[in-house]
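Chain naming here is simple, since letters A, B, ... match the order of the sequence lines and numbering starts at 1 in each.
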Amino acid sequence: MRTSTYPLHTLKETPADAEIISHQLMLRAGLIRRLASGLYSWMPLGLRVLRKVENIIRTEMDRAGAVELLMPSIQPAELWQESGRWEHYGPELLRIQDRHSREFCYGPTHEEIITDLVRREIRSYKQLPVNFYQIQTKFRDEIRPRFGVMRSREFIMKDAYSFHLDSKSLQQTYDLMYATYTRIFTRLGLKFRAVLADTGSIGGNASHEFHVLAESGEDAIAFSSESAFAVNVELAETFPAATPRPAAQASMQLVDTPDQHTIDELSAFLAAPPEQCLKTLLVKGEDDTIIALVLRGDHALNSVKAAKLDGVLSPLSFSTEPEILACVGCRVGSLGPVNLTLRTYVDHAALAVADFVCGANQEGKHYIGVNWGRDLPEPESFDLRCIQDGDPSPDGSGTVSIVRGIEVGHIFQLGTKYSSAMNAGVLDEDGKHRIVTMGCYGIGVTRIVAAAIEQNHDNHGIIWPSNIAPFQLALAPINLHKSSRLKDAADKLYIQLQEAGIDTLYDDRTLRPGIMFADMELIGIPHRIVMSDRGLESGEIEYKSRTDDQATQIPREQVIEFIRQKLQAVSAN
RNA sequence: CGGAGUGUAGCUCAGCUUGGUAGAGCACCACGUUCGGGACGUGGGGGUCGGAGGUUCAAAUCCUCUCAUUCCGACCA
């Protein structure tokens with residue numbers, strides 16, 4: 001491709017509304033343009049990357065025996081009503097009507113459609129197992145689209161759905177998909193981890209998320225220091241303290257703590273470390289009740305865990321200030337478990353603290369020197385908090401460290417949630433009707449492009465992993481317009497590179513070299529060769545990879561072979 | 001949906017407090033000088049100042065409403 005006829009829309013300045021580096025670089029490099037909140041056009045250069053990602057996913061899915069199909073993005077309401085999700089999916093589902101006022105939605109996912117298809121087409125156990133996939137545009141009316149295509153409303157997803165007679169067969173396909181995802185993300189050139197995930201509202205036996213590791217990731221992942229164990233922090237268990245609680249030393253006293261509301265303020269005011277202070281959070285329970293959760297001051301509530309507690313409303317929502325005032329008689333900063341008549345869940349770690357500080361349920365007053373079993377009843381303890389760096393690993397080996405990740409893939413064992421709701425079954429060997437068991441497997445294709453940049457960039461721009469770079473090689477001749485000899489040589493080499501099958505972007509714009517170099521680096525082309533009149537004299541061409549500090553000189557006649565070897569070296573990894 | 005902020009040229013922003021002919025840099029067009037790391041000069045094109053209403057002799061500027069958008073909290077590929 002020649003830059004003179006290829007639209008490179010690079011920006012020198014960073015657009016003001018782009019927050020994270022991948023979004024900034026995607027805009028600056030001219031990969032995407034925003035149409036409206038959460039809606040992006042893919043410019044030609046960005047589309048090249050997107051297609052390369054899709055092709056890797058497609059070949060690996062095919063290799064794993066999955067079969068590609070394509071379902072409509074617009075879906076009739078009836079199927080969603082049948083599964084119950086027309087009611088439950090909520091406002092994220094974009095509902096639309098046709099000219100006859102019939103209700104449809106723009107598909108955020110395709111369980112209903114594929115289940116309907118399978119119940120019509122698949123009659124016999126002999127046709128199972130089967131794994132269908134598609135690569136297609138989805139729409140989710142996100143509450144807050146952000147970070148460009150990282151969390152957009154319209155996005156491209158690879159979604160696969162497998163159907164089985166029994167859970168053993170499901171497990172086999174699930175394991176195969178796990179291995180396939182591992183191959184895919186490896187080929188994409190990304191640093192990633194598979195982590196145990198919450199099955200959430202979908203239910204089922206097993207679920208893994210695939211995360212690209214990056215500082216800007218929205219998810220936190222806990223790793224074991226000793227084993228391969230990794231788990232989403234949402235799900236990571238914490239345990240009762242290994243050592244017994246220290247003996248009580250202080251006596252309980254009521255102290256004035258005017259205007260001390262947060263743990264930090266309280267801790268500074270009373271000169272007690274945060275881990276000596278207990279905080280009490282009030283959340284909504286069933287039947288308009290209020291439930292108290294007690295945690296150590298330095299610990300964070302895990303809302304996923306809390307929402308699973310008996311009597312607590314799911315999803316978790318906090319009690320409002322007026323409700324708390326009416327129920328307890330004081331405001332949020334002075335709550336505590338002493339003489340609290342609400343149903344109370346105490347975290348394991350909070351139970352292990354002696355002589356603690358807590359709110360007195362009177363405005364501006366706290367207790368100090370409080371002890372479980374003496375000043376208030378000894379409670380049962382629960383797992384309420386988020387795991388922290390240095391906590392024991394849930395798998396029992398070593399401690400955990402926390403890193404951030406971007407979720408780019410998720411595999412689920414669905415079980416019979418959809419197939420039973422929609423009566424999708426086959427005849428088994430005995431001629432009996434059996435409801436099929438399902439798995440589903442998603443990859444965020446557009447998100448991968450952003451995640452790859454998030455993980456691979458420097459001050460000059462994007463550094464594409466070789467397999468998804470929009471072009472493999474930039475050919476940048478200097479002062480092309482001043483030397484017909486150089487132009488002839490560059491044109492000739494460009495043709496030779498094309499004949500050699502090397503995906504080349506030929507910068508024939510006759511710009512100043514600084515601009516060409518800056519553009520080629522911004523758009524992240526992995527390899528660059530520079531031609532000049534000077535080089536023609538010496539018979540050499542300059543080569544530099546995107547990550548090299550120094551350029552090297554290559555004899556003109558060896559350059560094709562040299563580039564070919566560079567490309568092979570990368571794809572062999 | 002709650003909280004905070006921003007809307008002025010394609011992009012980055014100034015001007016608004018204290019109302020008085022709409023600006024700069026980058027980008028774009030022309031010409032010239034330059035040209036191996038985002039050059040320079042001269043000239044030029046481009047804006048109903050997000051929209052509507054109001055106050056005023058006069059509104060980018062003050063007031064009201066509205067729309068869009070970004071950031072911080074609950075969902076998810």
Side-chain angles (χ1 to χ4, degrees), chain A residues 9-20 23-24 27-28 30 33-34 36-39 53 57 89-93 108-110 135-160 181 197-198 200-202 207 209-212 218-219 232 234 283 301 303-304 306-307 313-318 320 405-412 440-451 460-461 476-483 510-522 528 530-535 542 544 551:
Chain A
H9 294 280
T10 55
L11 302 173
K12 206 156 139 185
E13 283 171 294
T14 302
D17 51 5
E19 189 70 12
I20 63 169
H23 188 196
Q24 293 173 353
L27 290 169
R28 283 192 55 207
R33 287 292 181 257
R34 194 183 70 88
S37 178
L39 300 177
V53 174
I57 294 171
Y89 207 90
E92 224 171 84
L93 186 65
T109 177
H110 279 68
I135 295 175
Q136 191 218 27
T137 300
K138 306 284 191 237
F139 190 94
R140 294 182 187 174
D141 199 356
E142 293 281 349
I143 298 168
R144 185 149 84 88
R146 59 182 138 171
F147 304 151
V149 297
M150 193 74 85
R151 178 174 300 280
S152 54
R153 294 195 293 174
E154 187 178 295
F155 60 100
I156 296 173
M157 178 157 104
K158 186 285 297 175
D159 48 328
Y181 274 37
D198 184 24
S201 53
I202 295 181
S207 173
E209 293 168 346
F210 287 77
H211 285 262
V212 168
E218 293 188 85
D219 288 278
N232 196 309
E234 285 179 350
V283 298
L301 176 69
S303 55
V304 173
L313 272 192
S314 178
L316 192 74
S317 68
F318 285 94
T320 62
I406 300 163
E407 185 187 350
V408 290
H410 201 161
I411 58 176
F412 275 103
C440 74
Y441 319 93
I443 292 181
V445 180
T446 37
R447 182 179 282 179
I448 282 173
V449 178
H460 300 291
I478 288 172
N479 291 331
L480 201 55
H481 56 299
K482 290 212 302 205
S483 164
T510 70
L511 293 169
R512 302 166 68 80
I515 298 174
M516 291 197 291
F517 296 161
D519 267 352
M520 295 304 120
E521 281 161 6
L522 175 61
R528 183 187 83 191
V530 176
M531 294 178 80
S532 63
D533 249 343
R534 207 163 68 198
E542 176 186 305
K544 182 178 167 305

| Between A:Asp159 and A:Lys138, is there a side-chain N and carboxylate O pair less than 4.0 Å apart? | yes
| said: By the 4.0 Å heavy-atom rule, please label A:Ser152 as base, sugar-phosphate, or nothing. | reply: base
| query | Counting N and O atoms only, with roles assigned by atom type, does the side chain of A:Thr446 sit under 3.5 Å from a partner on the main chain of A:Ile156, one being a donor and the other an acceptor? | reply | yes
| task | Determine the contact category for A:Glu13: base if any of its heavy atoms lies under 4.0 Å from a base atom, sugar-phosphate if only primed atoms, P, OP1 or OP2 are that close, otherwise nothing. | result | base
| query | Which heavy atom of A:Ala36 sits nearest a heavy atom of A:Arg34, and at what distance? | reply | C-NH1, 3.1 Å
| Counting any heavy atom closer than 4.0 Å, what does A:Asp519 reach on the DNA or RNA strands: base, sugar-phosphate only, or nothing? | base
| said: Applying a 4.0 Å non-hydrogen cut-off, can you work out what A:Asn479 is touching in the nucleic acid: base, sugar-phosphate, or nothing? | reply: base
| request: Using the C1' atom as the reference point in each nucleotide, state the distance between B:rC31 and B:rG45 in Å, no decimals. | output: 15 Å
| said: What contact category does A:Thr14 fall into here, base, sugar-phosphate, or nothing, at under 4.0 angstrom with non-hydrogen atoms? | reply: sugar-phosphate
| request: Please answer whether B:rA77 and A:Phe155 are stacked, defined here as ring centres separated by less than 5.5 Å and planes angled under 30°. | output: yes
| Distance between the P atoms of B:rG19 and B:rA59, in whole angstroms? | 13 Å
| remark: Of A:Ala36 and A:Thr10, the one whose closest nucleotide on RNA chain B sits nearer the 5' end is A:Thr10
| said: Under 4.0 Å, counting only non-hydrogen atoms across every strand here, what does A:Asp219 touch: a base, just sugar-phosphate, or nothing? | reply: base
| query | B:rG37 and B:rG41: how far apart are their C1' atoms, nearest whole angstrom? | reply | 22 Å
| said: Does any part of the side chain of A:Asn232, heavy atoms only, come nearer than 4.5 Å to the side chain of A:Val304, both counted from C-beta? | reply: no
| query | Touch check for A:Lys482, heavy atoms < 4.0 angstrom, all strands: base, sugar-phosphate only, or nothing? | reply | base
| said: B:rC1, OP1 or OP2 - any side-chain N/O from A:Arg144 closer than 4.0 Å? | reply: no
| said: Whether A:Arg140 contacts B:rC76 is assessed here as follows: a side-chain N or O lying under 4.0 Å from the phosphate OP1 or OP2. Is that the case? | reply: no
| Distance-only donor-acceptor test, A:Arg528 side-chain atoms vs B:rG36 base atoms, 3.5 Å | no
| request: Select base, sugar-phosphate, or nothing to describe what A:His211 touches, counting heavy atoms under 4.0 Å on all strands. | output: nothing
| task | Taking atom P in both B:rG44 and B:rU55, compute the distance separating them and give it to the nearest angstrom. | result | 40 Å
| field | Flag, side chain of A:Arg153 to backbone of A:Arg140, donor-acceptor distance under 3.5 Å | value | no
| Quick one: does A:Arg146 reach the base of B:rU70 with a side-chain donor-acceptor pair under 3.5 Å? | no
| request: Select from A:Arg151 and A:Gly514 the residue whose nearest nucleotide in RNA chain B is closer to the 5' end of that strand. | output: A:Gly514
| query | How would you list, by chain and number, every residue that makes a ring-ring contact (aromatic ring centres under 6.0 Å, His included) with A:Tyr441, sequence neighbours excluded? | reply | none
| message | So A:Arg28, base contact, sugar-phosphate only, or nothing? Heavy-atom distance under 4.0 Å. | response | base
| request: Give A:Ala518 one of three labels, base, sugar-phosphate or nothing, depending on what nucleic acid heavy atoms sit under 4.0 Å from its own. | output: base
| If the P atom of B:rC16 is compared with that of B:rG2, how far apart are they to the nearest Å? | 33 Å
| Looking at A:Ser37, does any N or O in its side chain come under 4.0 Å of the phosphate oxygens OP1/OP2 on B:rU70? | yes
